[in-house]
Amino acid sequence: MRLPRKTSARPIRRLRRADLPVDTIELARYLIGKTLVHDTARGRLSGRIVETEAYPVGDAAAHHFRGMTPRNRSLFLQRGFAYVYFTYGSCFMMNVASEKPGVGAGVLIRALEPLEGLELMARHRGAARLRYLARGPGRLAAAMRIDKRYDGIDLCAAGPLWLGAAVKAAGPVGCSVRIGISRETNRAWRFYERGSGYVSGPKRLRA
DNA sequence: TATGCGATATTCT
DNA sequence: GAATATCGCATAG
C-alpha cells in the first residue's frame with residue numbers, strides 16, 4: 001500500500017551543475033519553478049523561483065560588460081556559482097553565474113514564492129505581507145538573508161545556500177523586457193511564471 | 001493601483 | 001563626482 005505523497009515532507013533534491021544549461025538565456029528560463037534554499041542556524045528558508053533575468057555575453061546592461069573588476073569577478077566563474085553585490089545603498093542582489101569558466105554572464109534571481117521559513121523571512125523583512133516577502137531582488141535577498149558573504153560560493157556544492165529541483169511544476173512561463181535598466185531595454189530576457197502574485201513589476205509585465 | 005521621489009554606499013570615471 | 005540590475009513611503013485617482 002502506498003502512502004499519500006506529502007510534498008512538504010519530501011526532501012528537496014539538490015541540482016547538480018550538469019543539470020544547469022550553459023547558455024545564459026536557457027538557464028534563466030530553466031530556473032523558473034526551481035527552488036532556492038538557505039539552511040540557516042535558525043532553520044530553513046526556501047522558495048520557488050518565479051522570476052529571473054538573463055544578462056548574457058555582450059549585454060551592455062550587464063555588470064560584466066566592461067570586463068572583470070573586483071566587484072563582478074564572480075560572474076566569470078563557471079555556471080552555478082553565486083554573484084552577490086550591493087547597490088542603491090540598501091539592497092543585495094543575487095545572480096547565478098552562467099556560461100563557461102572565464103566568461104562573464106549570469107542570471108539575476110528577481111522573485112520567489114516563499115515555501116519554508118515564512119516567519120523568519122517576515123522577521124528579516126520587517127513583517128511584510130506574504131506576497132511581498134521576496135517580490136523583487138532586494139526583498140528576496142533580505143528575506144533569504146543573502147549578503148556579500150555568499151558572493152563567489154558554489155550553489156551546486158554541499159553548502160548552506162543551494163539550488164533545488166522543482167517542488168511544484170512551473171506554470172506557463174512568460175517572457176518580457178527587463179526591469180530597472182537603461183541600456184538594451186528592448187531585449188526580452190526576463191522570464192516569469194505567468195499570473196503568479198509573487199512576481200515583481202507592473203501588471204502588464206506579470207500577465 | 002499607479003506614479004513620483006528621497007535614501008543610501010559602493011563602484012567606476 | 002556621477003551613476004546605479006531598488007525599496008518603501010507618500011500622494012492621487
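Computed from a prediction, not measured in an experiment: that's the story for all the values here. In the text below, chain A, chain B and the rest are named by the order of the sequence lines, each starting its count at 1.
- Atoms NE2 (A/H63) and C1' (B/dT13) sit 16 Å apart, rounded to a whole Å.
- Within the 4.0 Å cut-off from OP1 or OP2 of C/dG8, at least one side-chain nitrogen or oxygen of A/R139 is found.
- The distance between atom CG of A/L108 and atom P of C/dT6, rounded to the nearest whole Å, is 8 Å.
- Ionic pairing of A/R190 and A/E51 is present here: one or more N-O contacts between side-chain nitrogen and carboxylate oxygen are shorter than 4.0 angstrom.
- Using a 4.0 Å cut-off between a side-chain N of Lys or Arg and a carboxylate O of Asp or Glu, A/D19 and A/K34 do not qualify as a salt bridge.
- Backbone-only engagement by A/I181 is indicated by non-hydrogen atom pairs under 4.0 Å involving sugar-phosphate atoms exclusively.
- Counting to the nearest Å, the P atom of C/dT6 and the CG atom of A/D147 are 19 Å from each other.
- Checking A/Y55 against A/Y132, the closest nucleotide of DNA chain C that is more toward the 5' end is the one next to A/Y55.
- A/R183 places its CZ atom 12 Å from the P atom of C/dA3, with the value rounded to the nearest Å.
- A salt bridge is defined here as a Lys NZ or Arg NE, NH1 or NH2 lying under 4.0 Å from an Asp or Glu carboxylate O, and A/R29 with A/E26 fails to meet this definition.
- In this structure, the NE2 atom of A/H124 is 18 Å from the C1' atom of C/dC7, given to the nearest Å.
- Side-chain contact, A/E113 with A/S196: no donor N or O sits under 3.5 Å from an acceptor N or O.
- Under the side-chain contact (heavy atoms from CB on, under 4.5 Å) criterion, A/P70 pairs with no residue at all, not counting sequence neighbours.
- Within the structure, a side-chain polar atom (N or O) of A/R110 is placed less than 4.0 Å from OP1 or OP2 of C/dT6.
- Secondary structure note: stems in DNA chain B built from 3 or more consecutive Watson-Crick or G-U wobble pairs under 3.5 Å occupy B:1-7 with C:6-12, B:9-12 with C:1-4.
- Closest to the side chain of A/C91, from the set B/dA2, B/dT10, C/dC7, is C/dC7.
- Electrostatic pairing of A/R183 and A/D59 does not count as a salt bridge here, judged by no charged N lying under 4.0 Å from a carboxylate O.
- A salt bridge is defined here as a Lys NZ or Arg NE, NH1 or NH2 lying under 4.0 Å from an Asp or Glu carboxylate O, and A/E53 with A/R110 meets this definition.
- The phosphate of C/dA5 has neither OP1 nor OP2 within less than 4.0 Å of any side-chain N or O from A/R190.
- Across the protein-nucleic acid pair, A/R135 atom CZ and C/dG8 atom P stand 11 Å apart, rounded to whole Å.
- Note on A/R204: nothing from the nucleic acid sits closer than 4.0 angstrom, heavy atoms only.
- Between A/S182 and C/dT4 there is a side-chain polar atom (N or O) within less than 4.0 angstrom of OP1 or OP2.
- When heavy atoms are screened at a 4.0 angstrom cut-off, A/N95 is found touching base atoms of the nucleic acid.
- Checked against a 6.0 Å centroid threshold, the rings of A/Y83 and A/F81 do not count as neighbours.
- Going from atom CZ of A/F92 over to atom C1' of C/dA5 covers 15 Å, rounded to whole Å.
- Remark on DNA chain B: of its neighbouring residues A/P202 and A/R71, the 5'-side contact belongs to A/P202, judged by nearest-heavy-atom nucleotide.
- Remark: A/S90 is not in phosphate contact with B/dA9, judged by side-chain N or O atoms under 4.0 Å from OP1 or OP2.
- Checked against C/dG8, C/dA5, B/dT10, the side chain of A/R125 finds its nearest nucleotide in C/dG8.
- The distance from atom CZ of A/F86 to atom P of C/dC7 is 13 Å, rounded to the nearest whole Å.
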